[in-house]
Amino acid sequence: MHTYDIVDALLGGVLIGAAAGLLMAGLGRIAGISGITGGLLSAAAGDRAWRVAFVLGLVAGPWLRVLAGGPSGIDPPLAGLPWMALAGALVGIGTRLANGCTSGHGVCGLARLSPRSLAATLVFIACGMATVAVLRHVAGWPS
């Protein structure tokens with residue numbers, strides 16, 4: 001791990017925690033990205049502005065980091081668009097089944113000592129480990 005990796009990880013963690021805390025303190029909302037993004041289309045008018053601002057902040061953050069002279073942190077994809085689309089669809093299905101994503105359960109839920117979030121986070125980690133094992137040892141990725 002390089003020095004900038006540690007600094008970026010710490011900065012990212014602080015910003016995620018600050019954003020989650022501000023959202024909870026300001027609006028009483030949990031910062032689950034899948035729920036915030038998924039609710040964009042069905043949100044009431046008064047509930048849409050903060051969701052849009054939150055998602056725009058997610059998109060703007062990496063760009064601001066690169067403009068400040070940092071690395072992009074974006075590696076070229078190992079697979080083509082069909083595999084990436086399949087992976088995205090599976091993540092979407094998983095977040096619906098778990099009623100939340102890693103940010104909602106892993107960051108906010110664990111901080112609130114939620115047993116459901118602990119179970120969901122452990123399943124997320126196990127599925128990620130299984131996916132990496134299958135891709136590396138069965139499919140031979142990265143080649």
Side-chain angles (χ1 to χ4, degrees), residues 1-136 138-139 141-142:
M1 183 176 265
H2 302 286
T3 303
Y4 63 83
D5 292 333
I6 295 169
V7 172
D8 284 347
L10 287 172
L11 181 61
V14 167
L15 289 174
I16 289 170
L22 286 172
L23 192 61
M24 177 61 81
L27 298 176
R29 300 292 187 142
I30 295 173
I33 306 305
S34 61
I36 292 171
T37 305
L40 272 175
L41 298 177
S42 61
D47 200 35
R48 188 169 291 134
W50 70 267
R51 292 175 187 269
V52 170
F54 199 92
V55 171
L56 287 177
L58 290 173
V59 175
W63 288 101
L64 293 174
R65 179 70 177 114
V66 170
L67 289 176
S72 69
I74 299 172
D75 294 327
L78 296 175
L81 185 60
W83 283 107
M84 292 174 55
L86 175 64
L90 290 173
V91 168
I93 291 169
T95 59
R96 292 308 251 176
L97 289 174
N99 200 22
C101 61
T102 52
S103 58
H105 284 298
V107 175
C108 298
L110 291 180
R112 296 170 46 232
L113 304 177
S114 165
R116 185 179 74 151
S117 291
L118 176 61
T121 302
L122 291 174
V123 171
F124 294 155
I125 291 170
C127 289
M129 292 171 69
T131 301
V132 169
V134 168
L135 289 178
R136 286 195 175 174
V138 177
W141 286 2

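Numbering of residues begins at 1 and proceeds along the displayed sequence.
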Colleague: Give a yes or no on whether the backbone of Leu110 and the side-chain of Ser114 come within a donor-acceptor separation of less than 3.5 Å.
Modeller: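 Not confirmed, Ser114 side chain does not pair with Leu110 backbone.
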Colleague: If every non-hydrogen atom of Asn99 is compared with every non-hydrogen atom of His105, which pair is closest and at what distance?
Modeller: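 What the structure gives for the nearest pair is O-NE2, 3.6 Å.
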Colleague: Return the minimal non-hydrogen interatomic distance between Ala31 and Cys108, and the atom names on each side.
Modeller: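 So the minimum-distance heavy-atom pair works out to N-SG, 3.7 Å.
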Colleague: For Ile36, is there any backbone N or O sitting under 3.5 Å from a side-chain donor or acceptor partner on Arg51?
Modeller: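 Answer holds: yes.
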Colleague: Considering only heavy atoms from C-beta outward, does the side chain of Arg29 approach that of Asp47 to under 4.5 Å?
Modeller: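 Arg29 reaches Asp47 side chain to side chain.
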Colleague: Verify the neighbour count for atom CZ of Arg48: are there more than 12 heavy atoms of other residues, nucleotides or ligands below 6.0 Å?
Modeller: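 Atom CZ in Arg48 is crowded, with more than 12 foreign heavy atoms closer than 6.0 Å.
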Colleague: What do the steps show when you test Thr102 against Thr121 for side chain to side chain contact (heavy atoms under 4.5 Å, CB included), and what is the final call?
Modeller: CA-CA 7 Å; Thr102 52; Thr121 302; over 6 Å; no
Colleague: I'd like to check the side chain to side chain contact (heavy atoms under 4.5 Å, CB included) partners of Leu15; sequence neighbours left out, ordered by chain and number.
Modeller: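 Testing Leu15 for side chain to side chain contact (heavy atoms under 4.5 Å, CB included), a comparison that skips the adjacent residues, returns Leu11.
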Colleague: Can you check whether Phe54 reaches Thr37 side chain to side chain, under 4.5 Å on heavy atoms?
Modeller: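 Answer no - side chains too far apart.
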Colleague: Return the minimal non-hydrogen interatomic distance between Ser117 and Gly109, and the atom names on each side.
Modeller: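 Ser117 and Gly109 have their closest heavy atoms at OG-CA, 3.2 Å.
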Colleague: Rounded at 0.5 Å granularity, tell me how far CG in Leu81 sits from CE in Met84.
Modeller: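 Output value for this atom pair is 6.5 Å.
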Colleague: Roughly how far apart are Phe124 CZ and Thr95 OG1, rounded to 0.5 Å?
Modeller: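 Output value for this atom pair is 7.5 Å.
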Colleague: Roughly how far apart are Trp83 CH2 and Leu90 CG, rounded to 0.5 Å?
Modeller: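 Taking CH2 in Trp83 and CG in Leu90, the distance rounds to 9.5 Å.
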Colleague: Start with the C-alpha distance between Val107 and Ile16, add both sets of side-chain angles, then the distance that settles side chain to side chain contact (heavy atoms under 4.5 Å, CB included), and finish with yes or no.
Modeller: CA-CA 8 Å; Val107 175; Ile16 289 170; 4.0 Å; yes
